[in-house]
Amino acid sequence: MHHTPSPARTLLDGTRLVEHRLQVPLDHADPGAEQLQLFAREFVSAEAAERGPEQVSRMPWLLYLQGGPGGKGVRPARLPSWMQEAGRRFRILMLDQRGTGLSTPLTRHHVLRRGRPAEQAAHLRHFRADSIVRDAEAFRRHLGLRSWSVLGQSFGGFCTLTYLSAFPESLDRALITGGLAPLTGHADQVYRATYTKMAARNREHFSRFPEDRERLDEVVDHLRRHEVRLPDGSPLTVPRLQMLGMLLGGNTRADLLHFLLEEAFDAAGPDVLSDTFLSAVHQQISFAAAPMYALMHESIYGQPADLTEGRGATGWAAERILEEHPEFSPAAASPLLTGEMILRHHVALDPVLAPLADAADRLAAVEDWTPLYDTDRLARNTVPAAAAVYRDDVYVARELSLETAAQVAGLSVWETAEHHHDGLHDDGARILRELLHRTDAPAPLVPSPVEDENPAATADGRGVHARID
């Protein structure tokens with residue numbers, strides 16, 4: 001595996017950036033076969049850089065695993081507060097998970113070139129958390145690090161649990177925000193919980209903005225009477241409109257739903273949806289920029305049948321469980337908005353995803369998933385670990401999160417009702433401080449040498465590891 005760092009660059013605020021590229025196997029079980037390129041960007045804060053190269057070389061590393069699936073690493077114009085906080089102590093590695101960003105992309109064109117739908121689905125199976133964690137391990141080794149800390153947001157938290165299961169010896173600490181995945185059980189349990197959470201979130205929003213409920217009903221009625229096309233030419237249907245509920249998943253975006261709905265109709269007439277509205281809806285519901293999110297979403301819950309109530313296939317769980325919640329039915333008088341629920345309808349009508357609909361069906365029918373978590377190892381965990389659990393999180397339900405927390409030895413839970421799923425972006429510095437405090441242990445600032453796996457990395461100081469507490 002070949003690792004290539006770029007020359008350092010500097011943001012306007014003085015943050016130093018170094019780009020890293022690394023070749024890894026598509027299938028880590030077959031390292032001599034097809035290869036992928038991984039991309040990651042290293043951040044060294046201006047404050048840390050001012051201490052000089054020697055001090056920077058002694059700083060420990062923090063790997064950030066983004067949400068998703070299909071989310072690329074953060075590209076901040078200015079460091080968000082959690083990165084400012086982390087940058088005081090850590091060199092941050094922002095990984096573009098396989099298939100995203102500047103890593104070998106998993107676009108519709110890329111998937112279609114794999115062949116027939118069966119081959120496409122087989123290819124997609126290589127982009128789950130177990131492969132992402134092995135990619136991270138490859139980066140750790142080629143940076144010359146004995147170990148590092150990991151921060152996982154949302155799906156990145158799922159990956160962090162996989163990391164704790166597979167390579168705990170590589171971790172100094174594991175930090176998770178809004179991402180304690182269920183370790184066992186079928187995907188159905190996830191959607192039974194999150195539909196209930198979404199119903200409550202709908203009620204909360206419409207109690208604050210009762211005019212939004214009225215306006216949304218008017219748009220629903222309009223769609224039932226007219227054929228409406230989005231800017232990409234695809235039809236806007238009631239189930240696709242309901243996807244606007246994604247805006248309710250966090251405090252930093254929830255009010256955008258109100259501003260979007262208030263411009264729903266054109267000033268030229270009460271029965272014409274405005275171009276402003278249609279453009280905004282398209283931006284929210286199109287998967288053109290992140291097809292993996294829709295194609296892979298339920299697969300992140302795919303586990304062997306013996307861990308999932310005897311059923312291996314996820315089987316379009318969100319679509320099946322919707323039938324248990326008639327208030328979300330597109331045919332309801334005032335249908336509620338959905339959240340992270342991907343239906344076949346969404347795939348079939350999205351121009352980017354439609355050619356991959358058969359592959360998506362095959363992925364939903366997979367029975368022989370590999371396990372993502374080692375529950376025995378997690379029960380014996382010794383890595384300092386902490387997780388922020390958001391009481392009203394509509395994407396990762398509190399109840400399931402606490403069940404998982406009870407199965408991971410030594411995991412400290414900080415439960416709060418103050419934040420939603422986007423807490424790290426809402427008040428990241430505070431949340432990170434809390435989690436670091438829960439995982440800190442006194443340790444001397446003494447470098448621990450590692451074997452010289454990568455002389456170039458060792459030469460610039462990456463061949464040492466130290467904890468600063």
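Owing to the predicted nature of the structure, the values given are computational and were not obtained by experimental measurement.
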Check this for me, if you would: do [X] and [Y] make a salt bridge, where the nitrogen-to-carboxylate-oxygen distance has to be below 4.0 angstrom?
X: Arg75; Y: Asp96; answer: yes
X: Arg203; Y: Glu327; answer: no
X: Arg215; Y: Glu218; answer: yes
X: Arg320; Y: Glu298; answer: no
X: Arg430; Y: Glu434; answer: no
X: Arg134; Y: Asp130; answer: no
X: Glu340; Y: Lys197; answer: no

Side-chain touch [X]/[Y], heavy atoms, less than 4.5 angstrom:
X: Tyr390; Y: Thr177; value: yes
X: Leu356; Y: Arg108; value: yes
X: Leu26; Y: Thr104; value: no
X: Leu112; Y: Gln120; value: yes
X: His28; Y: Asp135; value: yes
X: Met94; Y: Met83; value: yes
X: Thr194; Y: Tyr191; value: yes
X: Tyr195; Y: Leu336; value: no

Using the side chain to side chain contact (heavy atoms under 4.5 Å, CB included) definition, which of the options Val396, Thr375, Val389, Leu183 pairs with Thr404?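 Among the candidates, only Leu183 passes.
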Of all residues at least two apart in sequence or in a different chain, which pass the side-chain hydrogen bond (donor to acceptor under 3.5 Å, both in side chains) check with Arg192? Glu324
Taking the inter-plane angle between the rings of [X] and [Y] on a 0 to 90° scale, is it parallel (under 30°), tilted (30 to 60°) or perpendicular (over 60°)?
X: His110; Y: Phe127; result: perpendicular
X: His226; Y: His222; result: parallel
X: Phe328; Y: His325; result: perpendicular

Will you find, in the side chains of [X] and [Y], an N or O donor that is under 3.5 Å from an N or O acceptor?
X: Ser149; Y: Arg173; answer: yes
X: Asp172; Y: Ser147; answer: yes
X: Asp212; Y: His258; answer: yes

Atom CG of Asp271: over 12 foreign heavy atoms under 6.0 Å: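 Counting neighbours around CG of Asp271, more than 12 heavy atoms of other residues, nucleotides or ligands fall under 6.0 Å, so yes.
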Verify the neighbour count for atom CZ of Arg116: are there more than 12 heavy atoms of other residues, nucleotides or ligands below 6.0 Å? no
Can you tell me which residue pairs pass the side-chain hydrogen bond (donor to acceptor under 3.5 Å, both in side chains) test with a partner in residues 227-247, sequence neighbours excluded?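 Residue pairs passing side-chain hydrogen bond (donor to acceptor under 3.5 Å, both in side chains), neighbours aside: Glu227-Arg229, Asp232-Ser234, Asp232-His282, Ser234-Arg240, Thr237-His345.
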Residues Glu204, Arg201; criterion salt bridge (Lys or Arg N to Asp or Glu O under 4.0 Å); working and verdict: CA-CA 5 Å; Glu204 177 188 341; Arg201 188 65 162 160; 3.1 Å; yes
Residue pairs, two or more places apart or on separate chains, that pass salt bridge (Lys or Arg N to Asp or Glu O under 4.0 Å) and touch residues 343-364: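 Output for this query lists Glu319-Arg344.
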